[in-house]
Amino acid sequence: MKKTRLKGREIIAIVLLIIGFKLADTTPAQYAQEGKNAFWLMPIVSLLVMLPSFLLLMYLLKKYKDKNLIQLIFSILGKKVGVFMGFIIFLLSYLLLILSARNYTNQITMLYFPESPTTVIMFLFLTVIFFGAKRGLQAIGTATYITLPYLKLSILVLAAAIIPKVVWLRIFPIFGDGLGTILLEGAKRGSIFFDLFILTIAYTAITSNKSFAKGIYFGGAIAFMEIIFFFLLYTTLFDYKSIDKIAFPFHDVTQYVNFGEFFTNVETFFMVFWLGAAFLRFVILIYFGSWLLGETLQLDEFEPLIFPLTLFVFPFSMIVENTITNELIFRNYLLSITTPVLIIFPIILWIVAKSKGALTK
Amino acid sequence: MKKQYYLFFIASLLFVLTGCYDRIELEQQAYVIAIGIDLTDKEEEKGVFKFTYQIANPEVGTTASGGGADEPARETVTLKGSDLMSATTTANAFVSKELKLDHTKVIVISEEFARTGEFLRVLQTAGRTTQLRGGVQILVSKENAKDFLNNNKPIMEKRPHKYYQLMLNRATEVGIIPDANIHRFFQITEGDADLYLAPYATTEIEEPKEYEGEENFIAGNVPQEGGSQSQFMGSAVFKEGQMIDILNGAETRVAATLDNTVELTSVFSTYQDPIKPEYQIAGSFIKKQNTSVEIDYKKNGTTTIDVKVPFQMEIFAIPSLVNYSQNMKNQDLLKKSIEEQLTSFAEDLIKKSQEEYGSDPFYWSLYVRDHFKTIKEYEDADWNKKIFPNADINITYELERLEFGKMINDTNLNEVRD
Amino acid sequence: MFPLFKKSENKENKQQTNVDKVSIYKDIKKNEQYTKQLFSSDINKDFTFRTVTAKYCDKQVDMFFYSSIVNNEKIYKGIVRPLLEADGKTITDVITIESLTEIKDFDTVVNQINSGKAVIFIDDEDTAYSVNVADFQARTVQKPENERVVRGPKEAFTEGLGTNVSLIRKRFHNRNLIAETALVGERSQLEVSLMYVNDLVDKDILKNVKDRLENLSVDNISNVELLEQYLEERPYSLFPTILYTERPDYAAQFIEDGYIVLLMDNSSAALILPATFWSFFHSPEDRYSRFLFGNFTRILRMTAFAITILSSATYIAITNFHSEMIPPDLLLAITNSRERIPLPLFIEVIIMEIAFELIREAGIRVPNPLGPTIGIVGALILGQAAVEAGIISPIIVIVAALSGLTSFAISNTSLNTAVRISRFLFIFSASFFGMFSLVGALFLWVIYMASIKSFGVPYFSPLSPSFKSSGDMYFRNIIKHEMWRPGQIKPNNLQKKNIPNKGDSKP
């Protein structure tokens, strides 16, 4: 992959967008199913579970220098195992993408276009994403960096509008359904940081490896704090009995807040930015997904893959009957099987590399 | 590559041409400002309710050109239905436009209906759609909601949304009705520990009772001459989604001072003059700091709750003309007297809620939560059955500052008459 | 974009013409006859031929030129009189006028005569001479018409290359300021002047520009407006990638920073490249105004930019799809005004937007004396009457007028057009799925813009991808603190000035 002129700041922007905006999708609802009013503590557990593996991966990338994620796997594990592993990573990321694409279109139809068929919205959504992803990594990075301030500003405005309405004492009882549940369920959902692993495919496309690492750590840290803060706001705005009933906390909150007496229904304002973020998110995910597949199949040009991959999202995402099954059964299940894969594969890489003696150089 | 583009382009064009599913012009919609919910007259119709929609007429009250000035500002329609959303659709049988609930400001429920406890069921459906927002206010009317909406004809504010907005805001600010929206209703009712207060209102005005102080009224018996026919005063107490009692204006106000989750800036009310008890002193109760609620939870034993309400007071009127502002001794007396009056009033309310209601309308269950680590422990401890009704509650009002308005002293009446 | 084989083909062509070149004959009669035939002198009335006998060598001398594009006095004083009167050994001693070029073949003869020179043939010599006596008609330097400023110089480029070069040189005195010439066009060869500072400009970009100029295979490119279209990479693109300005001071500013400026004879404007989004977005006055006011205008322009692109589209999206968002008072007011309108809101908006564009277009094309009336008639008839007739609701007039008026705040003509077209795109997209399709279109618009490159320079640089620069993007810095040249064009010397003393600028 050729180098782009992107620097650490674009990586920060991308991380902030794809991890940070999880606060606005169904991730909080998923967490709240198990964690109740203590669900804001669960991402901390998820992070702690994923962090060692991720650091190990970054260490390996640093050691091997000009290799991206898949090239690294190939050079450590050899071609056969490498293809297998690359394919698993691609498949997981692509399946998650399909499910969340369905999820997003459902949110759009349910909340804003109740009379339009989901298929049409999905089609339009994918069309935009395809044309966006076609423009290439540098354009995606630039567009993310340019639009991110506005997107984040809207989130900040929302936080400012929620804060007067929250009741902080609702965080108690502090461990919700119990510490055990939080630890277990939090650990299971470590895969919300999956996207960080996927991003390492761009390791070599940035001006320098150092700025990539800086960007991903820095962006990850900010996004993590953002998520925790917003989860806390959700907890304190809804009580423990109500929080697990809400499918789309972000939209419920935007429906509830108001800007003074005159602007009482402001959810469309937030929806605009949320949508912008959603488009960008999926463009990034589709692009990186194609890249993963392209590298795994060792193609010279992976960009032709964007079209079929975008196209296949359409029929696959329509298989599931309704949002709730999609969300609570399939996506939940997928997320929990992704977590062990993510934890284990950097360790395997490390052990093999160590036994080969490649790390001592 | 080029072919793909064209294919996509043409396909998207097709969709674009057939699109427009949700497009609707403004004049094809009718904006419901208030919804009323009643029981039907017949006993046997279980699960069927009467819904009343008050729709704003856009042609009244605008300066923009166009006729319709002699039309009424609102249209009120009533029909039966099993739930809110299906009734809204049915209403199109006789309303020419699509009903939109997005701009609804209040939901009015009749006292009769509220006491059945069915309200929660009806409101649940609202949560599944996006049209009814968490910020919509709940109002309990003494008469049927239908009658309330029909009789409610404000004189100054022609447009109904403006009327509800202004009326509810102002009454909430002075504290005679609670600030109660759907969101809070769900949080408290689902939380299943505390009592929910909803504003109480009526358009049926009784013969005025004897004068008992400015705020010891509930809606309907505030002596009033002239003005709009509707009154907002006091609050309906909901326990587990069912209305159980009415608090008068003063009690509502006290409940608000004890609850940190409602916003209360300044409350105007009267107190007995400690030196000349036949007179009243008027002042504004200002809450600058949060009420401190400290709960000493004992698993097997009496829990003690210490409540401290720090407040400030600005005196407006001293009809007795006793010199409180400069005489320090009098001032101390006044301070003590106000604190005592408030404390005893609050104690009465707390006693009532402990004994009659078995729960509190102050959202105090929040303060006991940090004694528990998990929800299960907390629910087992059972706030509204075990802890609160048996708790030992000490309440103190602390007057931190006393101000006397912009006049140093009152005119001495005797001197004037001399 | 220019495949290699094409290049070599061109060269071959050129070589072939070299072979065919007719060299000057020794016999003056033959020369005379051949030249006359080349220029069809019997029907070409302003093609002039004169014969004199030179005093210094006592030989016949023939002279050819176009009388319409030469200075007759110069010919008389500089050529005819010396030939008749002066003594000397060679012609260079006789004709002492500024430039005297030797010519060996007839192709050059043709070129020289076409570009306003007089060509002299001397009997018994196989060398002709050309003397520069050109005097093309051109306007004098006037005020800029389209890029007006309140504070700042008021000279504009004019349709003469010499004048234009001089206007730039006047503003930047440096021996490294080069005015290199390239020829474009095959049938009519015209000069393009590339101006740049030799020790600042990035050689790659310069080479890229020169290559592209060289590889243009067209008969005629008569001015920079056409040249721009031949040079740009994406002719279908909505966004301009070459900056077009009629202000020499603005062009000089860019030259100083290491950009390249192209000038031509028949245009009262210059092309500046490479251009980024920011260079279109800025106006020269932003720098001439003091720091705060300059940035205040930037804020205004950003607001105007947003309003002009999105106001009509947002209005359609919100009223047609998201009516819950409008505050009730406003909602009722709009609904009331729409009660008796016979058209859907989308059509209403389109009618007004097109009407506004028509008024604007008419305002440009209408003969001068009628100019002012068009605006008044248009506004009055279309606005007032349409509202009173109940075809248009009054709020649409406000929305359309607002989006139309604010578009004037974007002073650059190229970006202005792009923005106006985008506005219609957004209006259409908003009418399909409200905010959803609007945001989608906006998103594609932004990501497309992010992917554009102008001569290898990303459109949004130096914001992203980031480069060291003076930070002149959304807002500009205090001039004293602008230390760096724009890094995205890779100038050879990045630092503009030394780091100023902190004490220099107190708030």
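Computation of the quantities below employed the complete heavy-atom set of this structure, encompassing side-chain atoms and omitting hydrogens, waters and symmetry-equivalent molecules. We name chains A, B, ... by the order of the sequence lines, and we start the count at 1 in each one.
Distance check: Ile246(A) CD1 to Phe186(B) CZ gives 10.0 Å after rounding to the nearest 0.5 Å. Distance check: Leu366(B) CG to Ile171(A) CD1 gives 11.0 Å after rounding to the nearest 0.5 Å.
Considering all non-hydrogen atoms of both residues, Gly191(B) and Tyr240(A) come closest at O-OH, 4.1 Å. Closest heavy-atom contact between Phe172(A) and Arg369(B): O-CD, 3.0 Å. The shortest heavy-atom contact between Gln187(B) and Ser242(A) is OE1-OG, 2.8 Å. Between Gly178(A) and Thr374(B), the shortest heavy-atom contact is CA-CG2, 3.3 Å.
By the neighbour-count criterion of 12 heavy atoms within 6.0 Å, atom CZ of Phe314(A) is densely surrounded, having more than that number from other residues, nucleotides or ligands. Counted within 6.0 Å of NZ on Lys97(B), heavy atoms from surrounding residues, nucleotides or ligands total more than 12; the atom is thus considered enclosed. The neighbour count for Lys298(B) NZ, taken as heavy atoms of other residues, nucleotides or ligands under 6.0 Å away, is above 12. For NZ of Lys308(B), the number of neighbouring non-hydrogen atoms (other residues, nucleotides, ligands) closer than 6.0 Å is 12 at most. The environment of Glu98(B) atom CD is dense: over 12 non-hydrogen atoms of other residues, nucleotides or ligands sit within 6.0 angstrom. Other residues, nucleotides and ligands place no more than 12 heavy atoms under 6.0 Å from the CZ atom of Phe312(A).
Contact annotation for Thr181(A): neither backbone nor side-chain heavy atoms come within less than 4.5 Å of a heavy atom of chain B. Only the side chain of Tyr378(B) comes within less than 4.5 Å of a heavy atom of chain A; its backbone N, CA, C and O stay farther away. For Leu237(A), the parts lying near chain B are the backbone and the side chain together; criterion is any non-hydrogen pair under 4.5 Å. Using a 4.5 Å cut-off between heavy atoms, Lys165(A) does not touch chain B at all. Using a 4.5 Å cut-off between heavy atoms, Asn169(B) contacts chain A through its side chain alone, with no backbone atom that close. The contact between Asp177(A) and chain B is made by backbone and side chain atoms together, counting heavy-atom distances below 4.5 Å. Using a 4.5 Å cut-off between heavy atoms, Pro114(A) touches chain B through backbone and side chain atoms alike.
The aromatic rings of Tyr256(A) and His183(B) lie parallel to each other, with less than 30° between the two planes, well short of the 60° mark.
For the pair Asn265(A) (side chain) and Asp102(B) (backbone), a donor-acceptor distance under 3.5 Å is present.
Shown here are the side-chain contact (heavy atoms from CB on, under 4.5 Å) partners of Gln255(A), two or more places apart in sequence or in another chain: Glu267(A), Thr130(B), Arg133(B).
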